[in-house]
Amino acid sequence: MSSGQHVNVAMLTAGGLAPCLSSSVAALTQHWVSALRSGKISGLTLRMYKDGYKGLLQGDSFVVPQDVWDDVAPLHDLGGSPIGNSRVKLTNIADCVKRGLCKEG
């Protein structure tokens, strides 16, 4: 990574809920914000996909506003996922189509 580089970071949580998911989202956010502020990168976009692979497949995401980047520390004390989670088996196309997560073909 170079100091002139804008970095796009996308996060999603998938699989079963675990106590560390919220803390992982916070830690990754803090890492990239620190890289920006220390000059290791020149720009940063943090995108969160809602409800795991479901959000990825359906394009359901949001960009985290810069004014909340410093407010993620409390996530270290929470379980679950602040951006939602879903169990989607991407290799089971028929199930993804049946659930409306993607179209046939």
Side-chain angles (χ1 to χ4, degrees):
M1 126 178 90
S2 69
S3 60
Q5 184 177 12
H6 181 101
V7 175
N8 293 299
V9 177
M11 294 184 227
L12 65 80
T13 56
L17 287 176
C20 62
L21 291 177
S22 287
S23 187
S24 296
V25 169
L28 286 168
T29 299
Q30 290 168 329
H31 169 80
W32 287 107
V33 169
S34 175
L36 176 66
R37 291 183 177 155
S38 68
K40 292 180 181 174
I41 59 175
S42 65
L44 177 64
T45 301
L46 293 170
R47 177 173 300 279
M48 304 289 171
Y49 283 93
K50 298 179 187 178
D51 301 319
Y53 285 112
K54 177 182 175 185
L56 182 66
L57 291 170
Q58 296 182 333
D60 190 7
S61 69
F62 62 93
V63 173
V64 179
Q66 287 185 5
D67 64 336
V68 299
W69 287 358
D70 291 325
D71 300 331
V72 298
L75 294 176
H76 288 295
D77 299 323
L78 300 175
S81 173
I83 54 177
N85 195 23
S86 68
R87 291 185 176 192
V88 174
K89 189 170 184 180
L90 296 177
T91 56
N92 188 342
I93 304 299
D95 184 58
C96 288
V97 170
K98 179 180 173 184
R99 292 169 63 182
L101 300 176
C102 63
K103 296 178 183 175
E104 277 190 81

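Sequence positions, counted from 1, serve as the residue numbers for this chain. Computed from a prediction, not measured in an experiment: that's the story for all the values here.
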Using distance alone, with no hydrogens and no angle criterion, decide if S23 and H76 have a side-chain donor and acceptor under 3.5 Å apart. yes
The criterion is side chain to side chain contact (heavy atoms under 4.5 Å, CB included); which residues satisfy it with P74, sequence neighbours excluded? none
Other ILVMFWY residues reachable from I93 by side-chain steps of under 4.5 Å: V97
Partner set under side-chain hydrogen bond (donor to acceptor under 3.5 Å, both in side chains) for Q66, not counting sequence neighbours: none
Please set out all donor-acceptor pairs under 3.5 angstrom arising from side-chain atoms of residues 47-60, sequence neighbours excluded.
{"unit_1": "R47", "atom_1": "NH1", "unit_2": "S61", "atom_2": "OG", "d": "2.8"}
{"unit_1": "Q58", "atom_1": "NE2", "unit_2": "G100", "atom_2": "O", "d": "3.2"}

Spacing of CG belonging to L21 relative to CG belonging to L12, to within rounding of 0.5 Å: 10.5 Å
With D71, which residues qualify under salt bridge (Lys or Arg N to Asp or Glu O under 4.0 Å), at least two apart? none
Can you see which heavy atom on L75 is nearest to which on P82, and at what distance? CD2-CB, 3.9 Å
Excluding sequence neighbours, so at least two apart, what forms side-chain hydrogen bond (donor to acceptor under 3.5 Å, both in side chains) with S22? none
Using the test side-chain hydrogen bond (donor to acceptor under 3.5 Å, both in side chains), find all partners of D77 that sit at least two apart in sequence or belong to another chain. none
Least distance between heavy atoms, W69 atom then V64 atom: NE1-O, 3.2 Å
Which residues satisfy the side chain to side chain contact (heavy atoms under 4.5 Å, CB included) test with S24, sequence neighbours excluded? C20
Check for me, please, whether L46 and V68 land in the same ILVMFWY cluster - side-chain distances under 4.5 Å, paths through other members count. yes
Minimum heavy-atom distance between A26 and V72, given as atom pair plus value: CB-O, 3.5 Å
Would a single hydrophobic cluster contain both V33 and L28, if residues Ile, Leu, Val, Met, Phe, Trp and Tyr are joined by side-chain heavy-atom contacts under 4.5 Å? yes
Ignoring hydrogens, what is the shortest heavy-atom contact between N85 and A14? Give both atom names and the distance. OD1-CA, 3.0 Å
Contact check, side chains of V63 and T45, non-hydrogen atoms, under 4.5 Å: yes
S34 side chain vs Q30 backbone, donor-acceptor pair below 3.5 Å: no
